[in-house]
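Notes follow the structure.
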Amino acid sequence: MRVVGTELVSKITGHESVNGTAFGVHATDLGVMWSSGERTFVVFGDTYGDGWCGDGAGPSTGADWRCNFLAVAEPQDLSAGLRFTSVVARDDGAARQVLERDPGSEEETVIPCAGIEVDGVHYLHYMSVRNWGVRGKWFTNYAGIAFSVDDGHTWEKPGRSRWVNRAEKDHPFQMGAFARDDSRLYLLGTPNGRWGSASLARVGFSDVLEPAAYSYWTGSSWVERDPFRAVPVLSGPVAELSVVYNTHFDRWLALHLDETLSAIVLRTAETLTGPWTLPQVVVAGDRYPGLYGGFLHPDSADGPVLYHAMSQWSPYNVFLMRTELAA
């Protein structure tokens, strides 16, 4: 499978985007997407409103800063862009933060990493960021899974549903991407920051919120409870990982940032345990400086065309990209 080419479709957020600033969103990043029926849910990271600094993320105060927000889109022709039907809103109509910070804790922000809906329940994988570093380095307190039973309007963050980082800050499941088959949920995890490899875990649908129920792939078998026994299935650097099974090619497709290449890349495999192909450049950083993200739209599951989000640090907003693949 090869990448034929990638083009920018439209800006999703901020000034001069298809959604404008009607929801109080002047700047944001990420754009993690998943489907629920015919609708697409899209969750974003640190978000700013009126008064935003205008170049990159600002401080965690002022400019109507929110850790995250959630939008919903009805079925549409993506060649014209990704338009929101609604957002989870405050009383003033602006997008509301959906994952709250832990009160009284040493926590910079709460960043969503993956979303999925299973049997009417929505799940968000997120990371509790302790502090930011430089050049793709940061440290987390823990990774967690939140859930919503009211279509994403309210979310709970159970204390038991967490993978706590240790003092060495090397826990292999601090950022995550969801995948599923008919009977299980899979979690591909990476350490905090952008330089680690991705390992694989799985769990039954009834135990998504129970870390003790997860099993981890060791390279030859599944073992319970101990994430440090997991052997990477995707060699690093892997960041902002997004995974979908594409029925057109009968392959798993993984999109992620490769910090070494300064590019969003594609890798494919017949099974989640691998082997995965070497990275192919999908979007290059010399064309879009400061790029990151690369989260797949659910419509990327059944054809040779991928739609995916791409963030740029400057102007700190999200764009919809279109990538064509060939066998």
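This one's a predicted model, so the numbers in the text were calculated from it and none came from an experiment.
Note that the CH2 atom of W163 and the CE atom of M175 stand 15.0 Å from one another [nearest 0.5 Å]. From M33, atom CE reaches atom NE2 of H297 across 6.0 Å, with rounding to the nearest 0.5 Å. The CZ atom of R202 lies 13.0 Å from the OH atom of Y214; values are rounded to the nearest 0.5 Å. Atom CG of L266 is separated from atom NE2 of H308 by 9.0 Å, given to the nearest 0.5 angstrom. To the nearest 0.5 Å, atoms CG (L320) and OG (S17) are separated by 11.5 Å. For the atom pair CG (L187) and OG (S215), the distance works out to 12.5 Å, reported to the nearest 0.5 Å.
Looking only at distances, a side-chain donor or acceptor of T277 sits under 3.5 Å from a matching main-chain atom of T268. Without hydrogens or angle criteria, Q97 side chain to C67 main chain gives a donor-acceptor distance under 3.5 Å. Using a distance-only test at 3.5 Å, with no hydrogens or angles considered, a donor-acceptor pair links the side chain of N192 to the main chain of T140. Judged by distance alone, the side chain of T271 and the main-chain N or O of G274 form a donor-acceptor pair under 3.5 Å. Of the possible polar contacts, one joining the Q312 side chain to the P289 backbone as a donor-acceptor pair under 3.5 Å is found. Of the possible polar contacts, one joining the N246 side chain to the G303 backbone as a donor-acceptor pair under 3.5 Å is found. With hydrogens and angles disregarded, a donor-acceptor distance shorter than 3.5 Å links the side chain of R83 to the backbone of V18. Panel note: side chain K157, backbone E100; a donor-acceptor pair is recorded below 3.5 Å. A distance-only check finds no donor-acceptor pair linking the side chain of T6 to the backbone of T323 [under 3.5 Å].
A donor atom on one side chain and an acceptor atom on the other are not found under 3.5 Å apart for T21 and H15. The closest side-chain donor-acceptor pair between D150 and S148 falls under 3.5 angstrom. Counted by atom type alone, R267 and S235 present one or more donor-acceptor pairs between their side chains at under 3.5 Å. A side-chain N or O of D181 and one of Y186 form a donor-acceptor pair less than 3.5 Å apart. At a cut-off of 3.5 Å, with distance as the only test, no side-chain donor of D226 or Y216 sits close to an acceptor on the other residue. Side-chain contact of S128 with E107: a donor-acceptor pair under 3.5 Å is present, judged by distance alone. Judged purely by distance below 3.5 Å, without hydrogens or angles, the side chains of N317 and T13 pair a donor atom with an acceptor atom.
Taking hydrophobic clusters as Ile, Leu, Val, Met, Phe, Trp and Tyr residues chained together by side-chain heavy-atom distances below 4.5 Å, V3 shares a cluster with L296. Connection of V110 to I145 is not established within any shared hydrophobic cluster, with ILVMFWY side chains joined at heavy-atom distances below 4.5 Å, either directly or through further cluster members. V87 and I12 fall within a single hydrophobic cluster, where Ile, Leu, Val, Met, Phe, Trp and Tyr side chains are chained together by heavy-atom contacts under 4.5 Å. L253 and V283 end up in the same hydrophobic cluster when Ile, Leu, Val, Met, Phe, Trp and Tyr side chains are linked at under 4.5 Å. A chain of hydrophobic side-chain contacts below 4.5 Å, direct or via other Ile, Leu, Val, Met, Phe, Trp or Tyr residues, connects V25 to F84.
Annotation: cation-pi pair R130/W138 absent, no NZ/CZ under 6.0 Å from the ring centroid and within 45° of its normal. With Y292 as the aromatic partner, R194 meets the cation-pi criteria of under 6.0 angstrom to the ring centre and within 45 degrees of the ring axis.
More than 12 heavy atoms of other residues, nucleotides or ligands lie within 6.0 Å of CZ in R166, so this atom counts as buried by the packing criterion. The neighbour count for E38 CD, taken as heavy atoms of other residues, nucleotides or ligands under 6.0 Å away, does not exceed 12. Under a cut-off of 6.0 angstrom, the local environment of CZ in R162 is crowded, with over 12 non-hydrogen atoms contributed by other residues, nucleotides or ligands. Residue R90 places its CZ atom among more than 12 non-hydrogen atoms of other residues, nucleotides or ligands, all under 6.0 Å distant. Atom CD of E270 is surrounded by 12 or fewer heavy atoms from other residues, nucleotides or ligands within 6.0 Å.
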Checklist entry - Can you list the steps and then say if V318 with M310 is a side chain to side chain contact (heavy atoms under 4.5 Å, CB included)? => result CA-CA 6 Å; V318 184; M310 177 194 74; over 6 Å; no
Checklist entry - Going through the distances and angles, do D50 and H26 end up as a side chain to side chain contact (heavy atoms under 4.5 Å, CB included)? => result CA-CA 7 Å; D50 191 25; H26 291 232; 4.1 Å; yes
Item to check | side chain to side chain contact (heavy atoms under 4.5 Å, CB included) between H256 and S242, intermediate numbers included | outcome: CA-CA 6 Å; H256 68 82; S242 179; over 6 Å; no
Next on the checklist: Quick one, N68 with D46, criterion side chain to side chain contact (heavy atoms under 4.5 Å, CB included). Give me CA distance, side-chain angles, the key distance, then yes/no.
Outcome noted: CA-CA 5 Å; N68 45 73; D46 286 316; over 6 Å; no
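The pair E259-R135 counts as a salt bridge, with a side-chain nitrogen and a carboxylate oxygen less than 4.0 angstrom apart. By the 4.0 Å N-to-carboxylate-O rule, K11 lies too far from E16 to be salt-bridged with it.
Between F228 and H171, the distance separating the two ring centers is shorter than 6.0 angstrom.
Of all non-hydrogen atoms in L291 and S262, the two that sit nearest each other are CD2-O, 3.6 Å.
With F69 as the partner, the ring-ring contact (aromatic ring centres under 6.0 Å, His included) test is satisfied by one option alone out of W155, F44, F41, F23: F44.
Counting Ile, Leu, Val, Met, Phe, Trp and Tyr side chains that sit under 4.5 Å apart, directly or through other members, F139 stands alone, with no cluster partners.
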